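Written below as C-alpha cells is the structure these notes are about.
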Amino acid sequence: MNADYVNDCLNRLQSTIDQALTELMEVKMIRENDPTEFPYLQNELNELDIEITLLLEKNQEGSHHTRLQEAQKKLHEVQDIMIRGV
C-alpha cells in the first residue's frame, strides 16, 4: 500500500472534520440553524468513510491499519455530532 496515498486520505479526512466542526459551531452560533454547508460536508465525510473502508480492506494487517481505524472512528464520531448537533 502506498504510504503517500494513505497520508493524503488521512489529511483530507482531518481537513474535512475540521471544516465540519467549524460549520457546526457557525450554524449554532451565527446562522441560527441555517445548515447551508452541512449537506456538502456530510457528503464529503461519507465519501471519505467509503475510501477509508476500502483502504482498511486492502490493508488488513499493514502498518497503516491502526491509523486508518482510528481515523474512521473519529469520522463516525463527527458524523454523529453533526447529526445530533443541528
Side-chain angles (χ1 to χ4, degrees):
M1 172 154 308
N2 184 337
D4 290 337
Y5 177 70
V6 171
N7 287 332
D8 176 63
C9 181
L10 293 174
N11 288 335
R12 286 184 287 126
L13 173 61
Q14 186 60 53
S15 175
T16 303
I17 285 173
D18 292 344
Q19 288 175 319
L21 293 175
T22 298
E23 180 63 19
L24 179 60
M25 284 189 336
E26 288 178 4
V27 164
K28 289 182 130 192
M29 293 169 43
I30 300 168
R31 297 186 195 152
E32 298 182 6
N33 295 322
D34 177 21
T36 55
E37 292 291 317
F38 260 51
Y40 169 76
L41 291 168
Q42 286 176 319
N43 185 55
E44 289 291 309
L45 289 171
N46 289 336
E47 288 179 11
L48 284 164
D49 190 23
I50 292 166
E51 190 171 351
I52 289 174
T53 298
L54 293 172
L55 285 171
L56 282 167
E57 289 172 1
K58 291 179 184 177
N59 194 34
Q60 292 286 326
E61 298 177 22
S63 60
H64 303 292
H65 191 75
T66 301
R67 287 176 60 206
L68 290 166
Q69 282 182 313
E70 290 171 2
Q72 190 171 48
K73 180 181 176 191
K74 185 173 183 178
L75 183 151
H76 291 163
E77 289 171 357
V78 170
Q79 286 175 317
D80 289 343
I81 289 168
M82 288 182 71
I83 291 168
R84 287 180 292 157
V86 172

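Bear in mind that the values here come from a model prediction, so they are computed numbers and not experimental data.
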- CG (N2) and CG (N7) are apart, to the nearest 0.5 Å, by 9.0 Å
- Any pair counted as salt bridge (charged side-chain N to carboxylate O under 4.0 Å, His left out), so long as it reaches residues 5-20, sequence neighbours left out: D8-R12, R12-E51
- So L68 and T53, side chain to side chain contact (heavy atoms under 4.5 Å, CB included) or not? Walk me through it. CA-CA 8 Å; L68 290 166; T53 298; over 6 Å; no
- Item | Pairwise distance CD1(I17) to CD(E44) - rounded to 0.5 angstrom | 12.0 Å
- Message: To the closest 0.5 Å, what do you measure between CG (L55) and CZ (R67)?
- Response: 11.0 Å
- Can you see which heavy atom on L41 is nearest to which on A20, and at what distance? CD1-CA, 3.7 Å
- Task: Let me see the working for L45 and M82 under side chain to side chain contact (heavy atoms under 4.5 Å, CB included), right down to the final yes or no.
- Result: CA-CA 11 Å; L45 289 171; M82 288 182 71; 3.6 Å; yes
- Point-to-point distance, once rounded to the nearest 0.5 Å, from SG of C9 to CD1 of I52: 4.5 Å
- Message: Working to the nearest 0.5 angstrom, can you tell me the gap between T16 OG1 and D49 CG?
- Response: 12.0 Å
- Query: What distance separates Q42 CD from E23 CD, expressed to the nearest 0.5 Å?
  - Reply: 10.0 Å
- Query: Can you find a pair of side-chain heavy atoms, one from L48 and one from Q72, that are under 4.5 Å apart?
  - Reply: no
